[in-house]
Amino acid sequence: MATAEAVLRTVTTEGSVHRAAALLYGHWKRLSAAAIRSRFHSRVGDEWLKRRAESCRPDLVLGLEADGDTRAVLEIYRVAKTHAEIALSVEDAYQGCGYGRQLFSAALGHAREMGIETVEASFSHDNRAMLQIALSAGAKIIAESGNRCATIWL
């Protein structure tokens, strides 16, 4: 398990779409097959990851840097005026270090500042770490089709 101290970075998509795409793709391609399935709810290849990074438009990307690279990423996607979806991924060697919890907490603060009132995160049924992070933030959890959906009112 990695023990490096992490530095939080914020990447806005406004004016930096290419920088956000490069950060996301670089991070996603370092994820294990299990972490990719956890993030995207499917098995996907490198070309798909590259196209996804180039085409997605998160409203905000938060990254934790450690050992010279971005090791954990949280994306915020506004889907309505006061509602957003969030996605979180942490490289295997950095899981269990509190990076996901730190990003999640920071993201909720940013979402409030953006005028978001509710956020949702979907994750696989066996992702106990994400379940604990969501519950500690006061989420209501609904199980559906082998996945869980967490809703948090800010």
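Index from 1, following the sequence.
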Discussion item. I need the minimum non-hydrogen distance between Trp28 and Arg52, along with the two atoms involved.
Written reply: CZ3-CG, 3.6 Å
Discussion item. Is the shortest side-chain heavy-atom distance between Ser42 and Arg37 below 4.5 Å?
Written reply: no
Practice prompt. State, with a plain yes or no, whether a side-chain heavy atom of Val119 is found less than 4.5 Å away from one of Trp153.
Written response: no
Fill in: Stepwise side chain to side chain donor-acceptor pair (under 3.5 Å) check, Ser38 with Asn127
CA-CA 8 Å; Ser38 181; Asn127 190 338; 3.3 Å; yes
Practice prompt. State which residues pass salt bridge (charged side-chain N to carboxylate O under 4.0 Å, His left out) with Glu65; sequence neighbours excluded, sorted by chain then number.
Written response: Arg9
Worksheet entry | Rounded distance [0.5 Å steps], CD in Glu117 versus CD1 in Ile152 | 14.5 Å
Worksheet item: Going by an N to O cut-off under 4.0 Å, is there a salt bridge joining Glu75 and Arg39?
Response: yes
Fill in: Distance-minimising heavy-atom pair for Ala111 and Ile76
N-CD1, 4.5 Å
Discussion item. Assess the residue pair Arg101 and Gln132 against the criterion (side-chain contact (heavy atoms from CB on, under 4.5 Å)); give the C-alpha distance rounded to whole Å, side-chain angles, the decisive distance to 0.1 Å, and a yes or no.
Written reply: CA-CA 9 Å; Arg101 188 174 300 276; Gln132 291 306 313; 4.2 Å; yes
Discussion item. Could you tell me if the side chain of Leu154 sits less than 4.5 Å from the side chain of Leu108, heavy atoms only?
Written reply: yes
Fill in: Asp69 and Arg30 ion-paired at < 4.0 Å
yes
Response to the item:
Of all heavy-atom pairs linking Asp46 and Lys29, the shortest is OD1-CB, 4.0 Å
Worksheet item: Which heavy-atom pair separates Ser124 from Asp126 by the least distance, and what is that distance?
Response: OG-OD1, 2.7 Å
Worksheet item: Stepwise, does the side-chain contact (heavy atoms from CB on, under 4.5 Å) test hold for Val90 with Leu64?
Response: CA-CA 9 Å; Val90 179; Leu64 279 176; over 6 Å; no
Fill in: Closest heavy-atom pair and its distance - Thr82, Gly115
CG2-O, 3.7 Å
Discussion item. Can you confirm whether His41 is buried at NE2, in the sense that more than 12 heavy atoms of other residues, nucleotides or ligands lie under 6.0 Å from that atom?
Written reply: yes
Worksheet item: Is a side-chain donor or acceptor of Ser136 paired with a backbone partner of Ile133 at a separation under 3.5 angstrom?
Response: yes
Fill in: Side-chain heavy atoms of Ile116 within contact of His83, under 4.5 Å
no
Worksheet item: Under the 3.5 angstrom rule, does the side chain of Arg71 hit a backbone N or O of Glu91 as a donor-acceptor pair?
Response: no
Worksheet entry | Single-linkage hydrophobic cluster, 4.5 Å side-chain cutoff, Leu24 and Val44 together | yes
Discussion item. Please check: side-chain N/O of Asn147 versus main-chain N/O of Ser122, any donor-acceptor pairing under 3.5 Å?
Written reply: no
Worksheet item: Is Arg148 reaching over with its side chain to a backbone N or O of Met130, donor-acceptor style, under 3.5 angstrom?
Response: no
Worksheet entry | Phe123 and Leu88: CA distance, side-chain angles, deciding distance, side-chain contact (heavy atoms from CB on, under 4.5 Å) verdict | CA-CA 9 Å; Phe123 52 97; Leu88 173 66; over 6 Å; no
Worksheet item: So how far is it from Glu113 CD to Leu60 CG, rounded to the nearest 0.5 Å?
Response: 9.5 Å
Worksheet item: Which atom pair, heavy atoms only, marks the closest approach of Leu49 to Phe40?
Response: CD2-CE1, 3.5 Å
Discussion item. Just verifying a value: how many Å separate Leu23 CG and Thr70 OG1, rounded to the nearest 0.5 Å?
Written reply: 4.0 Å
Practice prompt. First locate atom CD of Glu85, then atom CZ of Arg78, and finally report the distance between them rounded to the nearest 0.5 Å.
Written response: 13.0 Å
Discussion item. For a side-chain contact (heavy atoms from CB on, under 4.5 Å) check, start with the C-alpha distance between Arg51 and Trp48, then their side-chain angles and the critical distance, and finish with the verdict.
Written reply: CA-CA 5 Å; Arg51 284 191 313 272; Trp48 187 94; 3.8 Å; yes
Practice prompt. Answer with yes or no whether the hydrophobic clustering places Leu131 together with Ile142; edges join I, L, V, M, F, W, Y residues whose side-chain heavy atoms lie under 4.5 Å apart.
Written response: no
Item to complete: Determine whether Tyr99 and Leu103 make a side-chain contact, defined as any pair of heavy atoms from C-beta on separated by less than 4.5 Å.
Response: no
Worksheet item: Does a side-chain heavy-atom distance below 4.5 Å link Leu135 with Ile141?
Response: yes
Practice prompt. Treating Ile, Leu, Val, Met, Phe, Trp and Tyr as nodes and any side-chain heavy-atom pair under 4.5 angstrom as an edge, say whether Tyr77 and Phe104 lie in one connected cluster.
Written response: no
